[in-house]
Peer 1: 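Sharing a structure below in structure tokens format, with a few things to ask.
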Amino acid sequence: MSEKLGRIVECLIAGKIDEVEKLTAECLDAAMDAQEVVEKGLLAGMDVVGQRFKVGDMFIPEVLRSAKAMRKGMDLLRPHLSDAEVSRGGTFAIGTVEGDLHDIGKNLVGMMFEGAGIRVINIGIDVSPQAFVDAVKEHKPDILGMSALLTTTMPKMGETINALKEAGIRDQVKIMVGGAPVTEEFAKEIGADAYGANAAMAVDRGKELLGR
Ligand code: B1M
């Protein structure tokens, strides 16, 4: 691996946003292959971040900085990549359910999916069952993610699954749920395909659903 790519990995893990941006620009100036910079620099760094977060060696604020660094690098590289090259395959759409405005966890989950090379559609917060249905019709994601932080909004997850059934598109998408009050049992009860206890585990489940 080139020295610059190794530095990108190190700086991304350390959350050095400006450094990652500068090194990525230098790679482009040196006419390095943009796809190689994504795979062996940004995504390789985020793989390590995901593993460390999972075992408790990194904490949420650090993960958010690393994810921000990855985004800065991706912003520079994106114009040099085809859609197929930007992702390793798969689309993940995620939103926070109706009545719920919490978005820190949802955004972190989205960023970790991006870090795994999965295309992410952010549907936003306070998303009604119908708006989830519309998003699935429009973006045709492989996985639909729902986040809820309030016990009072958790039932919206089941309602959304029912709305997808009524729209006749439940079988076209895998469903993952998560958020502090959500449990594996609840996920099973409402007929979701997967549950993510935290962002790193959500990515692992997501990869399984994508057959990776
Ligand atoms: Co609110 N809030 N809040 N809040 N808030 C909680 C959730 C609460 C537990 C605090 C408490 O009472 N101890 C409590 C809920 C109680 C309950 O229902 N059991 C609560 C309450 C009551 C409320 C209000 C009702 C308060 C009020 O107005 N009286 C109100 C509701 C507003 C609304 O949504 N309609 C409210 C408002 C707010 C703020 C706006 C002030 C702010 C949100 C800002 C924002 O998100 N932009 C806020 C915050 C910050 C919190 C706490 C302090 C932190 C939440 C957070 O961001 N955690 C929270 C208490 C706490 O959790 N300690 C609390 C960090 C984040 C990274 O973790 O979101 O859990 P989390 O995400 C994790 C995992 O859950 C998982 O991965 C993430 C990363 O590992 N995950 C998924 C999340 N989504 C996933 C989806 C997946 C898979 C994994 O698959 C799709």
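Note that ligands are numbered from 1 as they come in the structure, with each ligand's atoms numbered from 1 the same way. Treat the numbers as computed from the prediction; the structure is a model and nothing was measured.
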Peer 1: Any heavy atom of A197 sitting closer than 4.0 Å to ligand 1?
Peer 2: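 It does, in that a heavy atom of A197 comes within the 4.0 Å cut-off of ligand 1.
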
Peer 1: With the threshold set strictly below 4.0 angstrom, can you tell me whether any protein non-hydrogen atom sits that near atom 8 (C) of ligand 1?
Peer 2: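 No, there is no protein heavy atom closer to it than 4.0 Å.
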
Peer 1: Given the protein's heavy atoms, is any one of them under 4.0 Å from atom 12 (O) of ligand 1?
Peer 2: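 So atom 12 (O) of ligand 1 lacks protein heavy-atom neighbours under 4.0 Å.
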
Peer 1: Under 4.0 Å from atom 38 (C) of ligand 1, is there at least one protein heavy atom?
Peer 2: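 There is a protein heavy atom less than 4.0 Å from atom 38 (C) of ligand 1.
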
Peer 1: Heavy atoms only: give me the nearest C11-E19 pair and the separation to one decimal.
Peer 2: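 Nearest pair, atom of C11 first, then E19: SG-CB, 3.8 Å.
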
Peer 1: Only heavy atoms of I60, strictly under 4.0 Å: list the atoms of ligand 1 that pass.
Peer 2: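 The list of qualifying atoms is 67 (C).
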
Peer 1: Judged on heavy-atom distance to atom 31 (C) of ligand 1, which of L150, V182, T152 sits nearest?
Peer 2: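 Looking at heavy atoms only, L150 sits closest to atom 31 (C) of ligand 1.
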
Peer 1: Looking only at heavy atoms of V109, does any of them come nearer than 4.0 Å to an atom of ligand 1?
Peer 2: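 Judged by the 4.0 Å heavy-atom criterion, V109 does count as contacting ligand 1.
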
Peer 1: Considering T151, N198, V203, T153 one by one, which has a heavy atom nearer to atom 19 (N) of ligand 1 than any of the others?
Peer 2: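 The option holding the nearest heavy atom is T151.
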
Peer 1: Closer than 4.0 Å to some heavy atom of D100 - which atoms of ligand 1 meet that?
Peer 2: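 Counting from 1, the qualifying ligand atoms are 34 (O).
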
Peer 1: Could any protein non-hydrogen atom be found less than 4.0 Å from atom 21 (C) of ligand 1?
Peer 2: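 True for atom 21 (C) of ligand 1.
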
Peer 1: Indicate, as side chain, backbone, both or neither, the part of A202 found under 4.0 angstrom from ligand 1 when only non-hydrogen atoms are considered.
Peer 2: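 It is the side chain that gets close, since no backbone atom is under 4.0 Å.
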
Peer 1: Tell me the nearest of G105, G179, A192, G110 to atom 66 (C) of ligand 1, using heavy-atom distances.
Peer 2: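 Result: the heavy atom closest to atom 66 (C) of ligand 1 is in G105.
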
Peer 1: Give me the nearest non-hydrogen protein atom to atom 45 (C) of ligand 1 as residue plus atom name, then the distance to 0.1 Å.
Peer 2: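 Protein heavy atom at minimum distance: D103 OD1, 3.4 Å.
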
Peer 1: Flag atom 62 (O) of ligand 1 as yes if some protein heavy-atom distance to it falls below 4.0 Å, otherwise no.
Peer 2: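 No, no protein heavy atom sits under 4.0 Å from atom 62 (O) of ligand 1.
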
Peer 1: Can you check whether a protein heavy atom sits less than 4.0 angstrom from atom 88 (C) of ligand 1?
Peer 2: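 Protein heavy atom within 4.0 Å of atom 88 (C) of ligand 1: present.
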
Peer 1: Measuring to protein heavy atoms, does anything land under 4.0 Å from atom 51 (C) of ligand 1?
Peer 2: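 True for atom 51 (C) of ligand 1.
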
Peer 1: Would you mind running through ligand 1 and noting each atom that sits below 4.0 Å from a heavy atom of L108?
Peer 2: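 Going through ligand 1 atom by atom, the ones under 4.0 Å from L108 are 79 (C).
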
Peer 1: Just to confirm my output: which protein heavy-atom neighbour is closest to atom 42 (C) of ligand 1, and how far is it?
Peer 2: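 Among all protein heavy atoms, the one nearest atom 42 (C) of ligand 1 is H102 CD2, 4.2 Å.
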
